[in-house]
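These notes are about the structure you will find just below.
For the numbers below, each heavy atom of this structure counts, side chains included, while hydrogens, waters and symmetry mates do not. Throughout, protein chains are lettered first and strands after them, A, B, ... in sequence-line order, and every chain is numbered starting at 1.
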Amino acid sequence: MNPARSNRNPRLNSQAFFERVWDVVRLVPPGRVTTYGAIARFLGSGRSARMVGYAMNASHSQPDVPAHRVVNRNGMLSGKHHFPGQSMEERLEAEGIRVEKDHVKDFHKLFWDPAECLKF
DNA sequence: ATAGTGACTGAAC
DNA sequence: GGTTCAGCCACTA
């Protein structure tokens, strides 16, 4: 571990934050979507939505992280340019999610908040 | 160390 | 309804 990196943030080092983000994204059910901000809030860093996006960028090397189910708060596929091979909308459509003009159709209905998994 | 960048967001206009 | 602005914070140059 890089000591210069590990204690930069006294609340949570970035490596642990990334792994938590990946764990949350793994919980998103197929056919549903969530947002960067929702994940950030769930992890207690409500203002770190950008870091969630950054974690997605780093999720390439991680197994079983459905990064295509994470969109911005408007349901827009803001990360579509970061998917090599099968595109983001192809992956979404494959789960039955309709995509129109880079936006998830019925985004409000399909939105999944990570906090939902605490209800049970 | 400083400046610029970005898969973001909420408030302000 | 929009569009713009200012915080946000890890990363890179």
Side-chain angles (χ1 to χ4, degrees):
Chain A
M1 169 147 339
N2 184 347
R5 171 178 303 192
S6 62
N7 60 358
R8 189 176 302 176
N9 183 348
R11 299 181 304 221
L12 190 67
N13 72 50
S14 60
Q15 178 64 41
F17 181 76
F18 278 24
E19 288 176 1
R20 286 213 213 181
V21 170
W22 296 328
D23 280 341
V24 174
V25 175
R26 280 189 258 256
L27 297 176
V28 182
R32 305 289 299 277
V33 294
T34 191
T35 70
Y36 306 96
I39 295 171
R41 273 196 307 278
F42 180 72
L43 295 180
S45 303
R47 301 165 183 165
S48 301
R50 304 191 86 136
M51 298 307 101
V52 176
Y54 214 96
M56 290 301 96
N57 199 28
S59 74
H60 283 272
S61 54
Q62 298 301 316
D64 304 322
V65 179
H68 59 282
R69 298 186 191 133
V70 185
V71 297
N72 75 4
R73 70 171 181 123
N74 301 123
M76 187 174 60
L77 279 53
S78 47
K80 67 175 299 191
H81 300 300
H82 299 265
F83 287 85
Q86 194 183 27
S87 75
M88 189 171 184
E89 26 188 308
E90 278 172 342
R91 296 172 195 231
L92 290 173
E93 302 257 2
E95 298 180 358
I97 299 177
R98 305 281 306 283
V99 176
E100 258 179 44
K101 298 180 204 144
D102 292 346
H103 284 254
V104 172
K105 196 133 194 329
D106 298 323
F107 165 67
H108 188 70
K109 265 171 40 177
L110 297 177
F111 173 70
W112 177 86
D113 193 316
E116 277 189 27
C117 72
L118 297 179
K119 290 181 181 176
F120 298 97

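Atom C1' of nucleotide C:dT12 and atom CG of A:N57 are separated by 13 Å, given to the nearest angstrom. If you measure from atom CD1 of A:I39 to atom C1' of B:dT9, you get 14 Å, rounded to the nearest angstrom. If you measure from atom CE of A:M56 to atom P of B:dT9, you get 12 Å, rounded to the nearest angstrom. Between A:Y36 atom OH and C:dG7 atom C1' the separation is 19 Å, expressed in whole Å.
Toward the 5′ end of DNA chain C lies the nearest nucleotide of A:R50, the other residue of the pair A:F18 and A:R50 mapping further downstream.
A:M56 and A:A67 make their closest contact through SD-CB, 3.8 Å (heavy atoms, listed as atom of the first residue, atom of the second, distance). Between A:A55 and A:V21, the closest heavy-atom pair is CB-CG1, 3.8 Å. The two residues A:Y36 and A:V52 make their nearest non-hydrogen contact at O-CG2, 3.6 Å. A:F17 and A:S48 make their closest contact through CZ-CB, 4.2 Å (heavy atoms, listed as atom of the first residue, atom of the second, distance). Pairing each heavy atom of A:R91 with each of A:Q86, the nearest pair is NE-O, 3.0 Å.
For A:R47, the CZ atom is loosely surrounded, since the number of other residues' heavy atoms within 6.0 Å does not exceed 12.
Across C:dC8, C:dA10, B:dA7, the shortest atom-to-atom separation from the side chain of A:M51 is found for C:dA10. The side chain of A:S14 lies closest to C:dA10 when the candidates are B:dA7, C:dA10, B:dT9.
Of the residues in residues 90-109 of chain A, none has a non-hydrogen atom less than 4.0 angstrom from any atom of DNA chain B. Taking every heavy atom of residues 69-80 of chain A and every atom of DNA chain B, pairs under 4.0 Å involve A:N72, A:R73, A:S78, A:G79, by number.
Inspection of the A:H68 and A:E95 side chains reveals an N or O donor paired with an N or O acceptor under 3.5 Å.
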Stepwise salt bridge (Lys or Arg N to Asp or Glu O under 4.0 Å) check, A:D23 with A:R26 = CA-CA 5 Å; A:D23 280 341; A:R26 280 189 258 256; 3.4 Å; yes

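In this structure, A:A55 reaches neither bases nor backbone, as no heavy-atom distance under 4.0 Å exists between it and the strands shown. Here A:Y54 lies in heavy-atom contact (under 4.0 Å) with sugar-phosphate atoms only.
Ring geometry for A:F18 versus A:Y54: interplanar angle of 30 to 60°, hence tilted.
Below the 3.5 angstrom threshold, one finds no donor paired with an acceptor across the side chain of A:R47 and the base of C:dG7.
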